[in-house]
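Here the structure is laid out as structure tokens; the discussion comes afterwards.
What you see below is based on every heavy atom in this structure, not just the backbone, and it leaves out hydrogens, waters and symmetry mates. Numbers here are sequence positions counted from 1.
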Amino acid sequence: MIVFKKYNHRTFSIIWWIFFILFFVVYFSAHLNAQIPLLCKEEMHKDLDQLNRYMKKWHPAYYAYANKEQMQMHYALMKDLCTDSMSLREFRNIVRRTVAKVGCGHISVSGRKSAIKGPAIPLIPIRVKIIQDRLFVASCDDSLNIIQSKDEILSIDGRQANEWIELMKELSLSDGYNQTHKVFSAEKNFAVFMYYLVGQKEKFNLVLKNQEGLIYEAVLYTKKSQALNELKPDQ
């Protein structure tokens, strides 16, 4: 026997509103995703090949610090990092690492011009000091006032501090074998490089060690800071 359940007007209205809200959420999420430009593997491989041809033709010292075989191996490695549906931000990191292999501080890689005029992006509100392969807090806009200046950052989101330093040095552009400028660039642009590496986040989980040697954990929420956003890694 089939039983048809009767709904009163109020119940029908509630069901309609639930349906409407679900439809809006699904549509809005799809619309937001559509606004994120994605690149396929084939497109990125073509771009890297074009970059290689262009740099080889016009840069006067393209093989000064990496010979042809080393450069080709590096391009192959960068191509292996390309996966389907990568964002422009993710591909820019690969391009920066590719250009950095040339060892020329007079060239740079930047994002789209439209992004420069966009709203401030929430960044990790911290400035750092790098000593060898260790990371220290220079200053921090911590609303709970837990993280103090001169505390050592042991890890961020489960990744050790020295790993973050190496990733940022790969994004830095400098002359020759110069590592000093790479460290300086990682310090100066730490918040921006963190965005380059992980994208837009709401918070970061840090493990630190204070000056008394006590290890503690802290959650640091990102903030929109015009001062941090005005840092220009390419300058």
| Are N52 and Y62 linked by a side-chain donor-acceptor pair shorter than 3.5 Å? | yes
| Atom pair OH/CG of Y196 and L123 - distance to nearest 0.5 Å | 10.0 Å
| remark: Taken in chain and number order and not counting sequence neighbours, the residues that satisfy side chain to side chain contact (heavy atoms under 4.5 Å, CB included) with E152 are R134, F136, L154, K209
| field | Those residues that, when tested against E217, pass side chain to side chain donor-acceptor pair (under 3.5 Å) (two or more places apart) | value | none
| said: Given 3.5 Å as the limit, does a donor-acceptor pair link the side chain of E187 with the main chain of I130, or not? | reply: yes
| field | Approximate separation, where rounding is to 0.5 Å, of R53 CZ and L48 CG | value | 10.5 Å
Could you tabulate the donor-acceptor pairs under 3.5 Å formed by side-chain atoms of residues 199-208, not counting sequence neighbours?
residue, atom, partner, partner atom, Å
K201, NZ, D157, OD2, 2.4

| request: Mind checking side chain to side chain contact (heavy atoms under 4.5 Å, CB included) for A161 and listing every partner two or more places apart, or none if nothing turns up? | output: L135
| request: Measure from the side-chain N and O atoms of S87 to the backbone N and O of E90, and report whether any donor-acceptor pair falls under 3.5 Å. | output: yes
| remark: residues 39-48 vs side chain to side chain donor-acceptor pair (under 3.5 Å), sequence neighbours excluded, gives none
| task | State plainly whether one hydrophobic cluster holds both L81 and L88, where clusters connect Ile, Leu, Val, Met, Phe, Trp and Tyr through side-chain heavy atoms under 4.5 angstrom apart. | result | yes
| field | Cluster check I107, M71: I/L/V/M/F/W/Y, side chain < 4.5 angstrom | value | yes
| request: Quick one: list whatever passes side chain to side chain donor-acceptor pair (under 3.5 Å) with K79, sequence neighbours left out. | output: D49
| field | Qualifying residues under side chain to side chain contact (heavy atoms under 4.5 Å, CB included), relative to A61, sequence neighbours excluded | value | H59, A64
| task | Measure across S149 and Q211 and return the closest heavy-atom pair with its distance rounded to 0.1 Å. | result | O-NE2, 3.6 Å
| said: Quick test of your reading: applying salt bridge (Lys or Arg N to Asp or Glu O under 4.0 Å), list the pairs with at least one residue in residues 163-183, sequence neighbours left out, ordered by first then second residue. | reply: R97-E170, R159-E163, E166-K169
| Is N178 reaching over with its side chain to a backbone N or O of H181, donor-acceptor style, under 3.5 angstrom? | yes
| message | Taking atom CD as the centre, does Q132 end up with more than 12 heavy-atom neighbours from other residues, nucleotides or ligands that are less than 6.0 angstrom away? | response | no
| query | Under 4.5 Å between side-chain heavy atoms, hopping through other hydrophobics if needed: is there a path connecting V137 to Y221? | reply | no
| request: Report the distance from atom OG of S185 to atom CG of L171, rounding to the nearest 0.5 Å. | output: 8.5 Å
| Which residues satisfy the side chain to side chain donor-acceptor pair (under 3.5 Å) test with D141, sequence neighbours excluded? | K223
| Same cluster (ILVMFWY, side-chain, under 4.5 Å), L77 and Y65 | no
| Are the side chain of R96 and the backbone of V109 linked by a donor-acceptor contact shorter than 3.5 Å? | yes
| remark: Rounded to the nearest 0.5 Å, the CG atom of D84 sits from the CG atom of L38 at a distance of 10.0 Å
| request: Find the distance between OG (S172) and CZ (F193) and round it off to the nearest 0.5 Å. | output: 4.0 Å
| Flag side-chain contact, heavy atom, 4.5 Å: L173 against C104 | no
| task | Any chance you could pull the hydrophobic cluster mates of Y54, using side-chain heavy atoms under 4.5 angstrom and chaining through other members? | result | W58
| said: Going by the rule side chain to side chain contact (heavy atoms under 4.5 Å, CB included), which residues pair with N67 if we only count those two or more places apart in sequence or in a different chain? | reply: E69, Q70
| field | Minimum heavy-atom distance A186-M168, with the two atoms named | value | CB-CB, 3.8 Å
| note | Here the pair of heavy atoms bringing H74 nearest to T98 is NE2-CA, 3.7 Å
| remark: Sorted by chain and number, sequence neighbours left out, side chain to side chain donor-acceptor pair (under 3.5 Å) with D151 holds for Y216
| How many angstroms lie between CD1 in I126 and SG in C140, if you round to the nearest 0.5 Å? | 4.0 Å
| Is M194 reachable from V219 through a run of hydrophobic residues whose side-chain heavy atoms are each under 4.5 Å from the next? | no
